[in-house]
Amino acid sequence: MKNKLLFLLASFVTLLLGPGAGHLIVKEWKKASLFISVSLFLLVILSFKFVSSVGRETLETIESFQNADPLAMMNIGMESLEKFKEIFYKFKEDNSTFMLMFNISFAALWAYSIYDLFKKMRSAEKLKG
């Protein structure tokens, strides 16, 4: 029973934090590092695609948000976030196929990570019983 609760907790943590997080709880270090590495790889690909697609406009928006005076942060920050939101929606429109493939890949990785935890839980129960 305790083992089952541990795997359920690990699945919940994976659901909340991302692929590989639950594997850290059940001390499957190799699988955790694999899932986390693949997740980071997908996010790096998305980041490169995003920056290369939107170019200089995005970098200027991010810089204006980072260099804002703390007292004026609210106004500048809101303007920058609104502009960034527009840039991101334009990126999603222009790269809809890429975003679809990214979303499918990331969701499949996430789902497989949770499935792997349940598979491990079942095999642990069979060994026990």
Side-chain angles (χ1 to χ4, degrees):
M1 181 69 172
K2 184 179 178 184
N3 209 15
K4 198 174 205 175
L5 288 175
L6 181 68
F7 280 101
L8 290 174
L9 174 67
S11 299
F12 185 70
V13 167
T14 297
L15 187 62
L16 288 178
L17 299 178
H23 287 82
L24 294 172
I25 291 176
V26 294
K27 298 178 182 170
E28 289 197 357
W29 310 117
K30 289 180 181 178
K31 284 186 179 180
S33 63
L34 176 71
F35 285 123
I36 292 169
S37 298
V38 172
S39 298
L40 290 174
F41 178 71
L42 288 172
L43 291 173
V44 165
I45 289 173
L46 176 65
S47 300
F48 279 130
K49 179 73 172 174
F50 181 72
V51 171
S52 66
S53 293
V54 296
R56 187 72 186 151
E57 185 180 2
T58 301
L59 297 177
E60 289 171 357
T61 301
I62 292 170
E63 285 174 6
S64 70
F65 183 68
Q66 289 176 345
N67 297 330
D69 178 29
L71 298 176
M73 185 72 146
M74 187 61 104
N75 291 334
I76 294 172
M78 291 304 286
E79 291 170 13
S80 295
L81 288 175
E82 286 298 320
K83 188 173 181 182
F84 188 77
K85 186 170 102 175
E86 291 172 19
I87 293 168
F88 182 72
Y89 286 137
K90 183 177 182 319
F91 168 75
K92 278 181 27 178
E93 265 182 42
D94 295 345
N95 299 289
S96 59
T97 304
F98 173 80
M99 288 300 295
L100 178 66
M101 295 309 293
F102 172 80
N103 288 336
I104 289 171
S105 301
F106 202 76
L109 178 68
W110 212 321
Y112 183 75
S113 178
I114 293 172
Y115 167 76
D116 187 64
L117 285 167
F118 279 102
K119 189 172 73 170
K120 177 74 175 170
M121 179 179 65
R122 273 191 133 182
S123 67
E125 284 178 354
K126 285 181 182 178
L127 289 174
K128 197 176 185 184

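Each residue takes its place number in the sequence, starting with 1. Because the structure is a prediction, the values reported are computed rather than measured.
- F12 CZ: 12 or fewer foreign heavy atoms inside a 6.0 Å radius.
- Between F91 and F98, the ring planes are perpendicular. Angles over 60° get that label, and only those under 30° would be called parallel.
- Atom CG of residue L16 and atom OG of residue S11 lie 11.0 Å apart, to the nearest 0.5 angstrom.
- Within the model, atoms OG1 of T14 and CG of L117 stand 4.5 Å from one another, a figure rounded to the nearest 0.5 Å.
- With respect to K120 and D116, no salt bridge is recorded, no charged nitrogen being found less than 4.0 Å from a carboxylate O.
- Distance check: M99 CE to E93 CD gives 12.0 Å after rounding to the nearest 0.5 Å.
- Of the residues listed (I87, I45, N95), the one engaging F50 in a side-chain contact (heavy atoms from CB on, under 4.5 Å) is I87, and it is the only one.
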Working for side chain to side chain contact (heavy atoms under 4.5 Å, CB included), residues F88 and K90: CA-CA 5 Å; F88 182 72; K90 183 177 182 319; over 6 Å; no

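- A donor-acceptor contact shorter than 3.5 Å links the side chain of S37 to the backbone of S33.
- Rounding to the nearest 0.5 Å places CG of L46 at 8.5 Å from CG of N103.
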Worked check of side chain to side chain contact (heavy atoms under 4.5 Å, CB included) between M121 and F118: CA-CA 5 Å; M121 179 179 65; F118 279 102; 3.3 Å; yes

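- In this structure, the separation between NZ on K92 and CZ on F102 is 12.0 Å, given to the nearest 0.5 Å.
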Verdict with supporting geometry, F35 and W110, side chain to side chain contact (heavy atoms under 4.5 Å, CB included): CA-CA 8 Å; F35 285 123; W110 212 321; over 6 Å; no

